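For reference, the structure discussed in these notes is given below.
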Amino acid sequence: MVYNYNKQSILTPLENGQPHIFEELKRTMQDQINEGHQIKITNQIEGFPLEDEVLLRSIQEVDTWFEGYGF
C-alpha cells in the first residue's frame, strides 16, 4: 500500500512552531515503512496539477527527507 501525504500539510506544523507534530509524523511514516508500505509525498500548488515529489521506500529515505528540514 502507498500512503499519500501532501508536502504542505507535512510542513505546516513546523512552520507554525509545532515541531513535536512534525516529529510524530516522521515516526508514523517510519512505522508505515516497517509494516511494508511506501510513502508518497506530493506537492500541490494552487492552480497547477498535483505533482509527485518523492516516493519513500525505506526508513533511511524517510530520515533523509526529514533531515532536509532539520529533523
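From a predicted model like this one, the values you see are computed outputs, not experimental measurements. The figures that follow rest on heavy atoms only: side chains count, while hydrogens, waters and symmetry mates do not. Residue indices begin at 1 and follow the sequence shown.
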Quiz item: Is there a side chain to side chain contact (heavy atoms under 4.5 Å, CB included) between Phe66 and Met29 once you walk through the steps?
Solution: CA-CA 11 Å; Phe66 276 85; Met29 288 181 176; 3.5 Å; yes
Quiz item: Is it true that a side-chain atom of Asn6 and a backbone atom of Gln8 form a donor plus acceptor pair closer than 3.5 Å?
Solution: yes
Self-check item: Shared hydrophobic cluster for Leu25 and Tyr69 (ILVMFWY, side-chain gaps under 4.5 Å)
Solution: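 Both belong to a single hydrophobic cluster.
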Practice problem: Give a yes or no on whether Val2 and Ile10 share a hydrophobic cluster (residues Ile, Leu, Val, Met, Phe, Trp, Tyr; joining criterion: side-chain heavy atoms under 4.5 Å apart). | Solution: no
Quiz item: Got more than 12 heavy atoms from elsewhere within 6.0 Å of CD, Glu15?
Solution: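 Yes - once you tally the heavy atoms of other residues, nucleotides and ligands closer than 6.0 Å, there are more than 12.
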Practice problem: Kindly give the heavy-atom pair with the smallest separation between Leu14 and Pro19, and that separation in Å. | Solution: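 That closest heavy-atom pairing would be CD1-CB, 4.3 Å.
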Let me confirm one number: the [atom1]-[atom2] distance from [X] to [Y], rounded to the nearest 0.5 Å.
| X | Y | atom1 | atom2 | value |
| --- | --- | --- | --- | --- |
| Arg57 | Gln38 | CZ | CD | 5.5 Å |
| Glu23 | Lys26 | CD | NZ | 5.5 Å |
| Asp31 | Ile59 | CG | CD1 | 8.0 Å |
| His37 | Tyr3 | NE2 | OH | 4.0 Å |
| Glu51 | Lys7 | CD | NZ | 10.5 Å |
| Ser58 | Ile39 | OG | CD1 | 11.0 Å |

Quiz item: Checking side-chain contact (heavy atoms from CB on, under 4.5 Å) against Ile41, which of Val54, Val62, Leu55 comes through?
Solution: Val54
Practice problem: Begin from the C-alpha positions of Tyr5 and Glu53 and carry the test side chain to side chain contact (heavy atoms under 4.5 Å, CB included) through to its verdict. | Solution: CA-CA 10 Å; Tyr5 290 91; Glu53 179 166 299; over 6 Å; no
